[in-house]
Amino acid sequence: MSENVSLAKSRGIARKMAMQAVYQWQMTGDDVVDIEQQFIAENDMEKVDQAYFSELLFKVSSENDIDALLEKYMDRKILLVDPVERAILRIACYEFKFRLDVPYRVVLNEAIMLTKKFCAEKSHKFVNAVLDKVARELRVHEIKKS
């Protein structure tokens, strides 16, 4: 049990850092290798699932169909979404699509918590609505079981 809790906690920290790193990549266009190295150098990585952080950063920045999938459920283009919200949406969408080992409720809850902490007051409603629809498309069998 405590092993799962520590994994959950270390992945939660990895998601937060990945959100910040993806935000930096979106805003600067810097190479993700440089961004990853900067984050590792500037942060205490002892409590972070570093492999998960790196996976999220590299895959989100290179996965071309995530934005199209998100835009199906939005009333605007992804580039018009607040950059922090955009980073959170991209990470969660990636996890829905490629990390089937992570329950959809965990992905959704983590995204909502990050949004509440780092975005405008009501942003979590928008993020929740979009991700709920993405989850219904990508995790239909998992949602039916719950």
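If you're wondering where the values come from, they're calculated on a predicted model, not measured in any experiment. Counting from 1, the numbers follow the sequence of the chain as shown.
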Distance col, row Lys125:NZ vs Ile112:CD1, nearest 0.5 angstrom, shows 11.5 Å

Roughly how far apart are Lys122 NZ and Asn128 CG, rounded to 0.5 Å? 14.5 Å

In Å, rounded to the nearest 0.5 Å, how long is the span from CG of Leu138 to NZ of Lys133? 14.5 Å

What's the spacing between Leu70 CG and Asp65 CG if we round to 0.5 Å? 10.0 Å

Pair Lys9 + Asp49, salt bridge at N-O below 4.0 Å: no

Might you point out which heavy atoms bring Cys119 and Glu85 nearest each other, and give the distance in Å? SG-CG, 3.6 Å

May I ask whether Val22 and Phe118 are part of the same hydrophobic cluster, defined by side-chain heavy atoms of I, L, V, M, F, W, Y residues being less than 4.5 angstrom apart, directly or through others? yes

Mind jotting down which residue pairs meet the side chain to side chain donor-acceptor pair (under 3.5 Å) criterion with at least one end in residues 104-115? Sequence neighbours excluded, please. Tyr104-Ser146, Arg105-Ser146

Minimum side-chain heavy-atom gap Ile13-Ser10 below 4.5 Å: no

Between Lys72 and Glu137, does the salt bridge (Lys or Arg N to Asp or Glu O under 4.0 Å) criterion hold? Intermediate values first, please. CA-CA 11 Å; Lys72 284 170 55 175; Glu137 177 178 337; 2.9 Å; yes

Rounded to the nearest 0.5 Å, how far apart are CZ of Arg90 and CG of Asp67? 4.0 Å

Which pair of non-hydrogen atoms, one from Ile91 and one from Ala18, has the smallest distance, and what is that distance? CD1-C, 3.6 Å

Once you round to the nearest 0.5 Å, how far does CG of Asp34 lie from CD of Gln24? 9.5 Å

Given the rule in the side-chain contact (heavy atoms from CB on, under 4.5 Å) test, do Ile88 and Ser123 qualify, once you have shown the distances and angles that lead to the verdict? CA-CA 11 Å; Ile88 293 167; Ser123 296; over 6 Å; no

If we check salt bridge (charged side-chain N to carboxylate O under 4.0 Å, His left out) with Glu142, which of these qualifies: Arg139, Lys145, Lys144? Arg139

Is the shortest distance from a Lys or Arg side-chain nitrogen in Asp101 or Arg11 to a carboxylate oxygen in the other one below 4.0 Å? yes

Spell out, yes or no, whether Ile35 and Met27 are grouped together once hydrophobic residues are joined by side-chain heavy atoms under 4.5 Å, including indirect joins. yes

Applying a strict under-4.5 Å side-chain criterion to I, L, V, M, F, W and Y, I'd like to know whether Val102 and Leu7 cluster together. no

Are Met19 and Phe98 connected in the hydrophobic side-chain network, where two residues link if heavy atoms are under 4.5 Å apart? yes

If you measure from the Lys or Arg side-chain nitrogens to the Asp or Glu carboxylate oxygens, is any gap between Arg136 and Asp132 under 4.0 Å? yes

Please determine whether side-chain contact (heavy atoms from CB on, under 4.5 Å) holds for the pair Leu79 and Arg86, giving the CA-CA distance in whole Å, both sets of side-chain angles, and the decisive distance to 0.1 Å. CA-CA 8 Å; Leu79 294 178; Arg86 187 179 339 137; 4.0 Å; yes

Please check if the side chain of Glu71 supplies one atom and the backbone of Lys77 the other of a donor-acceptor pair under 3.5 Å. no

Validation: residues 50-62 side-chain donor-acceptor distances under 3.5 Å, sequence neighbours left out:
residue	atom	partner	partner atom	Å
Tyr52	OH	Glu95	OE2	2.4
Ser54	OG	Glu36	OE2	2.5
Ser54	OG	Gln50	O	3.2
Glu55	OE1	Arg99	NH1	2.5
Glu55	OE2	Tyr94	OH	2.5
Glu55	OE2	Arg99	NH1	3.3
Ser61	OG	Leu57	O	2.9
Ser61	OG	Phe58	O	3.0
Ser62	OG	Phe58	O	2.9
Ser62	OG	Lys59	O	3.4

So Leu89 and Phe126, side-chain contact (heavy atoms from CB on, under 4.5 Å) or not? Walk me through it. CA-CA 10 Å; Leu89 286 166; Phe126 168 72; 4.0 Å; yes

Which heavy atom of Asp30 sits nearest to which heavy atom of Trp25, and what is that distance? O-CD1, 3.4 Å

Are any side-chain N or O atoms of Asn43 and backbone N or O atoms of Met45, one a donor and one an acceptor, separated by less than 3.5 Å? no

If I compare all heavy atoms of Cys93 with all of Val134, which pair ends up nearest, and what's the gap? SG-CG1, 4.0 Å

Hey, any chance Tyr73 and Val140 share a hydrophobic cluster, counting ILVMFWY side chains that come within less than 4.5 Å of each other, even indirectly? no

Testing the basics here: between Phe96 and Ala135, what is the closest heavy-atom pair and its distance to 0.1 Å? CZ-CB, 3.7 Å

Run the side-chain contact (heavy atoms from CB on, under 4.5 Å) test on Val48 and Met17 for me, step by step, so that the C-alpha distance in whole Å, both residues' side-chain angles and the decisive distance to 0.1 Å come before the verdict. CA-CA 9 Å; Val48 179; Met17 288 180 60; 3.6 Å; yes

